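Throughout, a chain's letter reflects where its sequence line sits, starting with A, and its residues are numbered from 1. As the structure is a prediction and not an experimental result, all values here were calculated from the model.
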There are 4 protein chains.
Amino acid sequence: MSFIEKARRAQIVECAIETIAEVGYAQASLGEIAKRANISKGVISYHFANKEELLEQITFEYYMAWQAYIVPRIEAQKSPKEMLQVYIESNLVFVDENRNHVFAVIEIVSNKRTADGKRFTEDHDETILLPIENILTLGMQEGVFREFTKTSARVMASTIRNAIDGFTIKLMSKPHLDVQEYIRELVIIFEKSTKK
Amino acid sequence: MSFIEKARRAQIVECAIETIAEVGYAQASLGEIAKRANISKGVISYHFANKEELLEQITFEYYMAWQAYIVPRIEAQKSPKEMLQVYIESNLVFVDENRNHVFAVIEIVSNKRTADGKRFTEDHDETILLPIENILTLGMQEGVFREFTKTSARVMASTIRNAIDGFTIKLMSKPHLDVQEYIRELVIIFEKSTKK
Amino acid sequence: MSFIEKARRAQIVECAIETIAEVGYAQASLGEIAKRANISKGVISYHFANKEELLEQITFEYYMAWQAYIVPRIEAQKSPKEMLQVYIESNLVFVDENRNHVFAVIEIVSNKRTADGKRFTEDHDETILLPIENILTLGMQEGVFREFTKTSARVMASTIRNAIDGFTIKLMSKPHLDVQEYIRELVIIFEKSTKK
Amino acid sequence: MSFIEKARRAQIVECAIETIAEVGYAQASLGEIAKRANISKGVISYHFANKEELLEQITFEYYMAWQAYIVPRIEAQKSPKEMLQVYIESNLVFVDENRNHVFAVIEIVSNKRTADGKRFTEDHDETILLPIENILTLGMQEGVFREFTKTSARVMASTIRNAIDGFTIKLMSKPHLDVQEYIRELVIIFEKSTKK
DNA sequence: AATGAATGAGCATTCATTCAT
DNA sequence: AATGAATGAATGCTCATTCAT
């Protein structure tokens with residue numbers, strides 16, 4: 001893939017993110033995206049096999065950026081308690097700093113369907129929840145967290161993740177939310193619910 | 001409104017719920033809904049002024065059913081701790097027993113837009129979160145829950161609500177989820193995070 | 001045709017006239033007419049074979065009323081000059097006093113089409129223009145009007161008729177037009193253009 | 001606007017004119033127009049924002065062509081009497097040579113409605129009637145035409161215009177009308193009705 | 001005599017995609 | 001590499017008409 005090719009794709013992806021975040025999935029036609037990017041509709045089709053590939057690129061890049069931001073911050077922590085704390089904090093900060101991208105991904109994921117029209121049910125548990133569960137298990141082994149069975153660890157992890165995702169959606173409609181305050185409260189809530 | 005009129009509307013609403021739940025908002029055209037209901041497209045237009053009215057009927061009926069199920073169960077409780085417990089439990093059971101309807105409402109709400117294409121940001125906090133906050137405040141006053149400021153109560157309430165909504169979405173992709181187990185774990189999590 | 005049948009048809013015709021006059025041909029659907037008449041759409045179909053029959057009834061009744069008003073007034077005149085004068089005057093007064101009906105007929109006639117979509121070109125010259133031409137011929141024979149060939153009499157008659165119809169259309173957009181003044185001026189114009 | 005774009009728009013406009021002139025406003029759907037142009041329905045939507053824009057283009061082009069034809073012919077005349085004569089003649093010739101276009105414009109204008117369904121009553125008097133009134137006034141000042149008050153000049157101008165428009169409509173149903181003869185007669189009529 | 005219900009064809013418009021240039 | 005042009009299927013909606021009750 002040439003340099004120009006990369007740059008064009010990046011530009012289109014960037015513009016698609018803004019469009020979806022602003023007008024929503026249903027209104028974000030290729031025509032609308034092209035108009036905002038000041039390019040012809042055909043360019044998008046030229047650089048992306050179809051609309052689906054463009055949308056997947058958006059989610060893929062999001063996931064890459066998310067990992068690049070979160071993972072090193074978690075790994076820099078020594079204790080499970082700090083890890084959990086940093087997980088919550090860095091996730092909320094990441095969302096806060098990448099609002100449009102997150103909003104776009106939410107729109108895309110929640111509208112994704114398989115060819116036969118069924119809801120797309122890709123299982124992200126092992127990529128998304130497992131890392132949280134690992135922190136919980138570690139904390140349990142070190143005796144700072146309460147006991148977790150496989151199931152209860154998964155529900156706990158889901159709840160933490162849902163708190164983060166729920167915050168994201170709230171941020172869509174309440175852009176002036178005090179993020180730091182939200183972080184502090186969530187840290188307290190999950191500290192209490194995980195401790196021995 | 002005549003009996004037949006009511007019955008027809010109910011049938012169409014029912015069919016629309018199934019269609020949206022199954023193929024999603026974007027694919028749930030009036031034609032698709034009519035096809036599944038084995039009626040002509042025009043019938044829907046005859047009984048509903050437009051698509052929006054049909055979708056609003058779905059969300060309205062859902063909210064009515066939800067209230068009718070939840071409220072008396074909460075009011076039957078004596079202590080705030082039991083109220084919170086029952087709130088979690090009855091919500092999850094209600095979702096479990098009204099899966100299609102819930103899924104459809106989620107699709108509808110998350111795709112709702114204003115006339116100018118902006119995300120529809122009706123603020124449900126006062127109808128959805130306030131009741132939970134009231135339970136938290138009551139528990140705090142009775143000395144069984146920890147201290148909550150106005151803000152921390154709202155974050156706590158949001159987290160509880162997000163846990164329920166997150167469970168709902170998980171249920172979409174994992175229909176064989178053990179609901180009772182999930183209830184037990186959530187009750188534990190929020191008991192710990194609210195107690196003094 | 002029973003009394004009730006007649007009354008119903010009259011009511012529907014009356015309401016259709018008002019509707020067409022107000023919202024125009026294209027917007028005057030059977031549904032709209034029924035709504036304004038506070039009856040069900042089916043009633044119209046019950047009393048009229050189809051929409052076309054209803055529209056034809058409107059134009060038929062208009063023509064009957066027009067004849068009943070104009071003819072005796074012309075016949076009461078002694079001289080061709082007075083006949084022409086009264087023709088112009090009584091036509092404008094009739095239009096003025098039956099505005100809605102006239103407007104509706106104009107809408108209907110100008111939108112009438114044959115089955116194959118071609119413009120409906122019923123020739124009204126012999127019913128509409130001939131009476132005027134007869135006045136012109138009479139005046140010519142009596143030596144008060146100038147010479148008219150068959151053709152020039154027809155053009156003269158057309159021009160008189162167009163002045164009346166043009167006034168009607170002007171009245172649609174300028175309802176406060178001074179009708180009496182318009183009559184006076186038209187009488188002068190056609191007095192001059194017909195006199196020897 | 002590119003050359004191809006212009007050509008396509010011109011082709012579509014041309015075809016729309018023919019369609020409306022032939023089957024009338026109500027039957028002239030975009031589908032029908034496209035079918036006659038042997039293009040897909042989408043092409044029209046591609047080149048025109050909506051149907052209204054297409055129809056407006058038709059009336060706009062007509063008015064431009066009309067002005068370009070009439071104005072220089074009037075301005076080439078020396079006396080008011082000749083001006084009036086040429087106005088009548090050139091209008092009838094223009095209609096005769098642009099039959100479809102005129103018919104289409106008549107259909108469009110007479111079916112135009114405002115958003116709330118009311119008849120569209122744009123006042124063309126100042127653009128259409130004023131030039132005729134100016135000729136009348138000039139002739140009056142030069143002493144070749146009779147006295148005209150503001151009102152009587154307007155009625156006179158309306159009558160002339162109605163004669164032309166009435167001729168146009170007659171031409172729709174009687175395509176073999178002798179135009180030159182009609183011109184001669186109209187010139188005589190309005191010569192007589194304006195002279196001192 | 002009257003109606004509510006239903007139909008199905010037709011409407012303008014939107015859109016992802018294709019393709020010649 | 002990029003584009004403007006074109007397509008045709010799909011969408012929500014309207015409407016005259018039919019029909020059982």
Side-chain angles (χ1 to χ4, degrees), chain A residues 2 4-5 7-9 12 26-34 39-55, chain B residues 1-5 7-9 12 26-34 37-55, chain C residues 2 4-5 7-9 12 26-34 39-55, chain D residues 1-5 7-9 12 26-34 37-55:
Chain A
S2 76
I4 279 191
E5 170 77 6
R8 256 297 194 232
R9 282 178 67 107
I12 293 167
Q27 315 290 341
S29 67
L30 292 190
E32 182 65 26
I33 295 168
I39 54 174
S40 107
K41 221 165 42 157
V43 179
I44 301 179
S45 294
Y46 179 73
H47 290 283
F48 295 89
N50 47 39
K51 195 178 186 181
E52 206 187 348
E53 195 195 299
L54 169 58
L55 301 183
Chain B
M1 202 180 289
S2 75
F3 172 74
I4 276 193
E5 170 79 1
R8 249 312 188 224
R9 281 178 66 106
I12 292 167
Q27 314 292 338
S29 67
L30 293 189
E32 182 65 26
I33 294 168
N38 239 33
I39 55 175
S40 113
K41 220 168 35 159
V43 180
I44 301 179
S45 293
Y46 178 73
H47 290 284
F48 294 89
N50 47 41
K51 194 178 185 181
E52 206 186 346
E53 194 194 299
L54 170 57
L55 300 183
Chain C
S2 77
I4 277 191
E5 170 77 4
R8 255 298 193 231
R9 281 178 66 106
I12 293 167
Q27 316 291 339
S29 68
L30 292 189
E32 183 64 25
I33 294 168
I39 55 174
S40 106
K41 220 165 40 157
V43 179
I44 301 178
S45 294
Y46 179 75
H47 289 284
F48 295 89
N50 47 39
K51 195 179 185 180
E52 205 186 346
E53 195 194 301
L54 169 57
L55 300 183
Chain D
M1 203 180 289
S2 75
F3 171 75
I4 276 193
E5 170 78 3
R8 252 305 191 228
R9 281 177 67 106
I12 293 167
Q27 314 292 337
S29 67
L30 292 190
E32 182 65 26
I33 294 168
N38 239 32
I39 54 175
S40 114
K41 220 169 34 160
V43 179
I44 301 179
S45 294
Y46 177 74
H47 290 283
F48 294 89
N50 48 41
K51 193 179 185 180
E52 207 186 345
E53 194 195 298
L54 170 57
L55 300 183

Grab the two heavy atoms, one from [X] and one from [Y], that are nearest each other, plus how far apart they are.
{"X": "D:Ile44", "Y": "D:Leu30", "result": "CD1-O, 3.6 Å"}
{"X": "B:Ile12", "Y": "B:Phe48", "result": "CG2-CE1, 3.7 Å"}
{"X": "D:Lys41", "Y": "D:Gly31", "result": "CD-CA, 3.6 Å"}

Checklist outcome for this item: Taking for C:Ser29 and for D:Arg8 the nucleotide of DNA chain F with the nearest heavy atom, the one nearer the 5' end belongs to D:Arg8
Item to check | Contact list for DNA chain F against residues 39-49 of chain B - heavy-atom distance below 4.0 Å | outcome: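 B:Lys41, B:Ser45, in order of number.
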Item to check | Comparing A:Ala28 and C:Glu5 on DNA chain E - which has the more 5′ nearest nucleotide | outcome: C:Glu5
Checklist entry - Starting at the 5' end of DNA chain E and moving along, which residue's nearest nucleotide shows up first, D:Ala26 or B:Ile4? => result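 The residue whose closest nucleotide sits nearer the 5' end is B:Ile4.
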Item to check | Terminal axes of the helix from E:dA2-F:dT21 to E:dT21-F:dA2 (five pairs each): angle between them, nearest 10 degrees | outcome: 20°
Item to check | With sequence neighbours excluded, residues passing side chain to side chain donor-acceptor pair (under 3.5 Å) with C:Glu53 | outcome: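 Once residues adjacent in sequence are excluded, the partners of C:Glu53 under the side chain to side chain donor-acceptor pair (under 3.5 Å) criterion are C:Arg9.
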Item to check | With sequence neighbours excluded, residues passing salt bridge (Lys or Arg N to Asp or Glu O under 4.0 Å) with C:Glu5 | outcome: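 Checked C:Glu5 against salt bridge (Lys or Arg N to Asp or Glu O under 4.0 Å); zero matches.
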Checklist entry - Going 5' to 3' along DNA chain E, which nucleotides are the first and last within contact of chain C (any atom under 4.0 Å from a heavy atom)? => result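 Taking any atom under 4.0 Å from a heavy atom of chain C, the span is E:dA1 to E:dA6.
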Expressed in angstrom and rounded to an integer, what is the separation of [X] atom [atom1] from [N] atom [atom2]?
{"X": "C:Gln27", "N": "F:dC15", "atom1": "CD", "atom2": "P", "value": "8 Å"}
{"X": "C:Lys51", "N": "F:dC15", "atom1": "NZ", "atom2": "P", "value": "8 Å"}
{"X": "C:Ile33", "N": "F:dA16", "atom1": "CD1", "atom2": "C1'", "value": "11 Å"}

